[in-house]
Chemist: 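Let me give you the structure first, and then I'll get to my questions.
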Amino acid sequence: MHIFPMSIAGKILVNSKVVNEHFLMRIELSPAFPQALPGQFVMIRDSAAQAPLLSRPMSIYAFERNRDSAFLEIFYRVAGEGTRNFSLFQSDHKVQILGPLGKGFTVDADCRRAILISGGIGISPLTFLAAHLEERRKNVPLEITAYVGARSADFLAGLERLAAHCSDIRICTDDGSTGYRGTVTDLFARDLPGYDAKDSRIYTCGPEGMMKRLAEVLRGHPLPCQVSVEERMACGLGACLGCAVPVRTDSGDVAYRRVCKDGPVFDISAMVWSF
Amino acid sequence: MHIFPMSIAGKILVNSKVVNEHFLMRIELSPAFPQALPGQFVMIRDSAAQAPLLSRPMSIYAFERNRDSAFLEIFYRVAGEGTRNFSLFQSDHKVQILGPLGKGFTVDADCRRAILISGGIGISPLTFLAAHLEERRKNVPLEITAYVGARSADFLAGLERLAAHCSDIRICTDDGSTGYRGTVTDLFARDLPGYDAKDSRIYTCGPEGMMKRLAEVLRGHPLPCQVSVEERMACGLGACLGCAVPVRTDSGDVAYRRVCKDGPVFDISAMVWSF
Amino acid sequence: MMQSHHSYFICGNFMTSGEDKRTQAIEPRLAVDIGGLRLCNPVMTASGTFGYGEEYAPFVDLNRLGAVIVKGLSLEPRAGNPPPRLAETPCGMLNAIGLQNIGVRAFVEQKLPFLKDFTTAVIANIFGETLDEYEKVAEILTAAGGVAALEVNISCPNVKKGGIAFGADPEMAAEVTGRVKQSTNLPVIMKLSPNVTDISAIAESVEAAGADAVSLINTLTGMSVDVERRKPHLYNMTGGLSGPAVKPVALRMVWQVASRVQIPVIGLGGIMTANDALEFLIVGAKAVQVGTANFVDPRATMKILDGMTHYLRKHKLSDISELIGTLGRL
Amino acid sequence: MMQSHHSYFICGNFMTSGEDKRTQAIEPRLAVDIGGLRLCNPVMTASGTFGYGEEYAPFVDLNRLGAVIVKGLSLEPRAGNPPPRLAETPCGMLNAIGLQNIGVRAFVEQKLPFLKDFTTAVIANIFGETLDEYEKVAEILTAAGGVAALEVNISCPNVKKGGIAFGADPEMAAEVTGRVKQSTNLPVIMKLSPNVTDISAIAESVEAAGADAVSLINTLTGMSVDVERRKPHLYNMTGGLSGPAVKPVALRMVWQVASRVQIPVIGLGGIMTANDALEFLIVGAKAVQVGTANFVDPRATMKILDGMTHYLRKHKLSDISELIGTLGRL
Ligand SMILES: Cc1cc2nc3c(=O)[nH]c(=O)nc-3n(C[C@H](O)[C@H](O)[C@H](O)COP(=O)(O)OP(=O)(O)OC[C@H]3O[C@@H](n4cnc5c(N)ncnc54)[C@H](O)[C@@H]3O)c2cc1C
Ligand SMILES: Cc1cc2nc3c(=O)[nH]c(=O)nc-3n(C[C@H](O)[C@H](O)[C@H](O)COP(=O)(O)OP(=O)(O)OC[C@H]3O[C@@H](n4cnc5c(N)ncnc54)[C@H](O)[C@@H]3O)c2cc1C
Ligand SMILES: Cc1cc2nc3c(=O)[nH]c(=O)nc-3n(C[C@H](O)[C@H](O)[C@H](O)COP(=O)(O)O)c2cc1C
Ligand SMILES: Cc1cc2nc3c(=O)[nH]c(=O)nc-3n(C[C@H](O)[C@H](O)[C@H](O)COP(=O)(O)O)c2cc1C
Ligand code: FES
Ligand code: FES
């Protein structure tokens with residue numbers, strides 16, 4: 001069943017700083033906006049301004065819809081010009097949304113434990129996934145375990161909401177200011193032997209370094225792992241080929257796949273990291 | 001006594017629509033901003049935005065200063081991209097002001113009647129001049145007569161404030177919806193014989209068509225007339241040579257003069273209109 | 001040289017707003033003839049910005065487009081450049097895609113069928129590393145049927161001449177033109193590079209060699225650097241600049257070329273709005289292409305088309321041809 | 001060729017913030033040597049955007065500038081083009097000033113004295129319609145004293161060759177270089193036009209002819225049209241495009257030229273911020289010029305200078321030369 005993305009105007013209801021340079025933006029859209037799936041993203045721009053030129057990709061943090069409206073949330077950090085502009089938008093500001101885009105996370109019928117490994121702003125798509133899994137848990141026995149890493153306690157943005165959806169949550173900070181002192185991948189690597197590859201599934205999103213280390217940890221391991229990756233985008237819908245990244249295909253060859261259309265979620269074992 | 005212009009940040013106090021596409025913007029500045037003179041202008045831009053690239057020239061409509069602040073007003077119509085953006089600025093919005101710029105109107109000691117001939121948005125610098133003349137009137141016998149023209153009554157923006165400074169005001173509309181039916185130049189041409197060239201001075205600003213017609217009416221006539229002209233600007237301070245217009249110099253040759261630095265006020269008889 | 005092939009297209013039904021229905025009796029005519037290629041209207045999508053059409057189908061009625069120009073096709077599939085392939089610049093963007101494409105045969109088999117379902121003209125943009133490749137690609141597309149014209153990208157390097165772009169030299173540009181013309185009976189549009197001293201000379205050269213039309217501009221070569229890491233933003237170092245930033249250069253080149261050649265000129269480079277498109281027509285372009293604007297608004301082409309129609313009505317022009325090349329002087 | 005003339009400048013006292021006073025012991029060194037021309041720092045103002053310096057004196061401490069490059073000077077005064085001379089474009093502007101200037105003699109008499117009061121290097125930008133004019137202007141400025149170097153604008157038309165720009169052709173560019181070099185003992189900076197197929201070839205040609213440095217880019221030729229009136233925005237039809245829009249093209253050309261010549265390369269084109277200036281240094285420019293940015297913010301040069309110093313401190317670089325040409329690969 002193919003859902004076509006839409007390009008529609010949205011109205012900002014909330015745009016507030018959560019912690020440090022992290023913001024939550026809640027946008028009201030027409031209820032015609034398709035049901036978004038965890039792992040999907042949108043391309044967002046200021047309705048009025050022509051600069052910056054390109055829309056910015058943002059994971060869908062939350063999505064709900066009723067008869068009258070749809071509500072989309074993004075969770076973003078101020079990185080450069082575009083996001084800095086976003087952080088200044090007030091309530092009622094109009095934004096243009098293109099989405100929902102991309103192939104999100106897939107949860108197969110055999111999954112009994114979902115392991116979410118999150119770094120940085122990767123907590124956004126994983127939170128949407130956790131909310132989705134929490135719904136599923138009503139019908140199927142399902143443990144939702146999250147590993148969340150950050151530089152230090154001050155940088156643990158978005159933890160509360162993620163934790164609310166999870167069975168248990170393991171926090172790691174580089175400096176040990178809270179939780180386990182070390183990286184998420186270190187802690188996860190320790191726990192790995194305890195997970196059953198038959199019914200456990202890993203979903204991860206975070207800085208490239210973290211995902212590479214996780215790929216190493218999982219090399220040759222039967223535990224399936226889906227990763228959501230990032231690359232610069234122009235069109236967001238598969239036409240320009242700007243977001244292509246090298247991926248190992250089923251035949252074993254390395255080919256370019258579009259993060260916006262063939263991804264952003266891929267099998268971690270297929271990723272060809274620039275080691 | 002040479003006043004150097006400044007480039008300083010200003011805060012918008014008021015930015016409201018007056019009529020049709022005409023807006024009044026009141027800006028608070030540092031009291032260090034030099035005393036502006038009628039006929040001078042500023043180059044204004046959005047403090048935060050990089051686009052559009054160039055600042056826009058705006059006549060100084062009003063200026064006052066006390067120990068704590070200076071207040072600058074501009075009266076503008078929405079013409080294109082820059083002014084459309086201006087019209088959306090809210091109170092507290094920061095703008096960058098370069099000014100005061102240019103050579104304003106000069107009022108010589110022998111002037112006993114100031115005739116202000118205004119078309120369109122030319123009413124702005126002439127209103128500032130009228131306010132200045134009203135002050136002068138406290139010490140010197142001075143009649144301030146204004147001719148104000150517009151397409152129709154709906155387009156007569158800014159009339160009230162100008163009228164408050166004047167001894168009498170004669171309104172013209174192309175369609176006769178109010179006042180004299182015809183152009184300001186027609187009405188003025190009829191009154192011209194009644195003015196004494198020894199102590200009357202004309203100050204005019206308006207659309208190019210109106211100023212050319214007035215130049216024709218005054219050709220060879222001894223009544224002195226100063227005109228404030230417009231041309232596209234980049235630097236606003238005399239460096240780029242972008243705003244140069246052909247002007248007849250004292251020696252009789254035609255040379256280019258910078259509207260931003262040598263003007264915007266010129267002797268109407270010196271203007272070389274593209275007839 | 002094979003006999004030129006005339007194609008006629010059934011123009012898509014373009015009802016716009018209710019307001020337009022009232023004035024349908026005096027609906028301005030938008031059809032244009034580009035060197036034997038008859039289009040419903042002068043708005044095409046630029047190669048590389050519209051894929052092979054499918055991705056934009058949810059947003060745009062492909063039947064309303066004058067033409068879709070597909071991503072550049074080479075003889076063999078090409079993987080393209082490693083990422084990063086994109087960088088944003090002031091009012092523009094750089095791309096270093098590296099001409100990734102599935103190859104002409106896979107296009108004919110897998111992508112052309114979808115496009116043939118629409119009334120829009122399908123124009124295949126082609127390129128090669130050698131003259132022989134240009135010929136072969138042209139032959140395969142001509143034999144396929146369903147392709148209305150070929151647009152020939154000569155901004156790519158001639159590997160046999162040390163990597164200098166085919167379009168950098170009038171003789172090489174003429175050679176490519178000649179080779180393609182002898183390989184097809186379809187209209188041949190030569191797409192010119194702006195990275196040259198005298199684009200009018202290149203245009204005259206390809207015209208003399210038989211080009212049915214020229215399109216300009218392709219991207220300006222540019223670069224962008226990350227000062228914190230002291231590295232280029234693009235893996236390839238340099239890339240092609242497109243978007244609003246390049247419009248003034250594109251417009252000037254179209255104006256100059258249009259005054260030097262008889263064949264139709266198709267203008268592109270930074271067209272975002274109807275007004276932009278109209279500027280190009282006024283300086284002499286017979287049609288326009290919309291590229292980067294599609295990334296900003298997937299419906300850009302439709303808005304541009306509507307805006308152009310609105311302009312014609314407002315200025316009481318009954319036919320778009322009345323606008324072409326009507327630039328006055330001050 | 002006359003013996004090259006070395007000049008040394010007393011760098012203006014640039015106290016910035018109180019913070020900097022504390023770290024003055026490790027203040028990064030910004031002085032650069034451009035073909036014998038020693039500058040306090042690598043920030044200059046671009047010709048045509050800073051007049052003859054006076055208009056910006058209220059905003060900028062001229063002593064803090066590496067150099068002021070004055071409005072282009074010709075042998076005889078030039079009136080310039082009729083208005084309109086300016087048009088804004090996306091992230092840029094077009095100018096068709098027409099090289100209006102008071103003529104070299106009037107410059108020496110009326111404008112040079114003001115500039116000589118400052119420690120900043122005064123660089124005279126010169127041009128001519130014929131080779132003889134270039135020579136004469138160079139001679140007059142050399143004899144005047146107080147001019148630190150000549151920047152030679154070759155983007156203007158050679159009237160004896162049908163109006164093609166001097167800088168469009170390697171041979172003509174070399175000729176101008178040779179003529180100016182034999183007319184002066186001042187460092188000669190050849191300012192290159194970007195409207196060419198191969199700017200590196202032009203650069204190599206002027207280097208071989210004796211240029212002490214090259215500066216690039218001058219403006220890209222562009223155009224802008226008023227669609228309502230169907231007229232050009234500029235009286236001259238075309239004009240020179242400058243500002244942020246051109247930066248990617250300028251940067252790419254500087255990078256290419258810097259890898260092909262040994263002489264210093266001065267980069268300009270769209271530099272608005274310190275980051276922009278640093279991009280140019282990283283790709284190989286020894287110094288930069290700031291042009292259109294002065295219109296956006298009269299204090300732009302000062303902010304760029306401060307920002308560059310801040311960057312050097314942050315990255316623990318003690319000398320600006322450690323940054324030049326340090327672009328890595330991905
Ligand atoms: C599928 C996807 C989902 C994302 N979800 C989120 C999210 O939920 N929250 C969040 O904070 N960020 C997210 N990002 C990253 C986010 O898009 C960038 O941080 C943002 O584009 C930076 O824009 P800027 O203008 O602030 O920075 P600039 O550096 O000024 O941007 C310049 C250009 O580079 C692009 N760019 C810069 N950094 C990135 C990046 N990391 N990824 C992709 N493009 C980049 C920009 O989009 C822009 O085109 C996501 C990226 C992708 C690809
Ligand atoms: C000395 C002077 C004083 C002025 N005072 C006023 C005033 O008090 N109130 C007012 O409403 N307008 C005034 N103007 C005109 C005003 O500057 C233009 O209407 C404004 O620049 C249009 O900008 P825009 O972005 O809205 O239009 P756009 O058409 O988008 O502008 C594009 C470019 O053209 C320039 N431009 C367009 N129209 C004019 C024009 N008429 N004069 C100069 N530049 C122009 C713009 O500044 C910009 O650089 C004055 C102009 C000058 C030169
Ligand atoms: C991502 C991207 C890919 C492109 N691919 C091609 C291509 O394959 N062949 C080609 O001739 N031009 C290609 N172009 C150039 C465009 O067709 C067009 O000439 C250019 O982008 C200027 O138009 P615009 O400013 O409207 O985008 C590409 C441009 C972009 C941005
Ligand atoms: C208004 C204006 C006038 C200029 N005059 C000259 C000139 O006389 N001689 C010259 O060599 N370059 C001239 N230039 C070009 C600039 O020196 C510079 O090369 C160009 O503007 C690019 O730099 P920028 O983007 O920083 O402005 C002029 C540019 C502008 C905008
Ligand atoms: S962003 Fe265009 S193909 Fe992915
Ligand atoms: S606007 Fe630059 S000289 Fe007047």
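Scope of the values below: all heavy atoms of this structure, side chains included, with no hydrogens, waters or symmetry mates. Chain A is the first sequence line, chain B the second, and so forth, proteins listed ahead of strands; every chain is numbered from 1.
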Chemist: Quick one: of D:Pro84, D:Gly243, D:Cys91, D:Gly92, who has the most non-hydrogen atom pairs under 4.5 Å with chain B?
Modeler: D:Gly92
Chemist: Between D:Thr89 and chain B, which part of the residue has a heavy atom less than 4.5 Å away: side chain, backbone, both or neither?
Modeler: neither
Chemist: Where on D:Phe59 is there a heavy atom nearer than 4.5 Å to chain B: the side chain, the backbone, both, or neither?
Modeler: side chain
Chemist: For the interface with chain B, which of D:Gly80, D:Pro83, D:Gly53 has the highest count of heavy-atom pairs at distances below 4.5 Å?
Modeler: D:Pro83
Chemist: Specify whether B:Tyr76 and B:Phe23 have parallel, tilted or perpendicular ring planes, treating 30° as the upper limit for parallel and 60° as the lower limit for perpendicular.
Modeler: parallel
Chemist: Go through the atoms of B:Ala244 and report whether side chain, backbone, both or neither lie under 4.5 Å from a heavy atom of chain D.
Modeler: both
Chemist: Considering only heavy atoms and a distance below 4.5 Å, find which of B:Ala51, B:Pro52, B:Gly236 pairs most often with chain D.
Modeler: B:Pro52
Chemist: Tell me yes or no: between the side chains of D:Ser47 and D:Asn153, is some donor less than 3.5 Å from an acceptor?
Modeler: no
Chemist: Examine whether an atom of B:Met6 lies under 4.5 Å from a heavy atom of chain D, and if so say whether it belongs to the side chain, the backbone or both; otherwise answer neither.
Modeler: backbone
Chemist: Go through the atoms of B:Arg45 and report whether side chain, backbone, both or neither lie under 4.5 Å from a heavy atom of chain D.
Modeler: side chain
Chemist: Assess whether atom CZ of B:Arg77 is packed by more than 12 heavy atoms of other residues, nucleotides or ligands within 6.0 Å.
Modeler: no
Chemist: Can you tell me how the ring of B:Phe89 sits relative to the ring of B:Phe86, calling it parallel under 30°, perpendicular over 60° and tilted otherwise?
Modeler: tilted
Chemist: So with a 6.0 Å cut-off around CG of B:Asp250, is the heavy-atom count from everything else above 12?
Modeler: no
Chemist: Tell me if the aromatic rings of B:Tyr61 and B:Phe128 count as close, with their centers under 6.0 Å from one another.
Modeler: no
Chemist: Is there a donor-acceptor pair closer than 3.5 Å between any side-chain N or O of B:Gln226 and the backbone N or O of B:Thr106?
Modeler: yes
Chemist: Chain B heavy atoms under 4.5 Å from D:Pro244: which part of the residue, side chain, backbone, both or neither?
Modeler: side chain
Chemist: Is a donor on one side and an acceptor on the other found under 3.5 Å between the side chain of D:Asp226 and the backbone of D:Glu228?
Modeler: yes
Chemist: Answer with side chain, backbone, both or neither: which region of B:Ala234 has an atom nearer than 4.5 Å to a non-hydrogen atom of chain D?
Modeler: both
Chemist: What part of D:Ile97 is in contact with chain B, defined as an atom under 4.5 angstrom from a non-hydrogen atom: side chain, backbone, both or neither?
Modeler: side chain
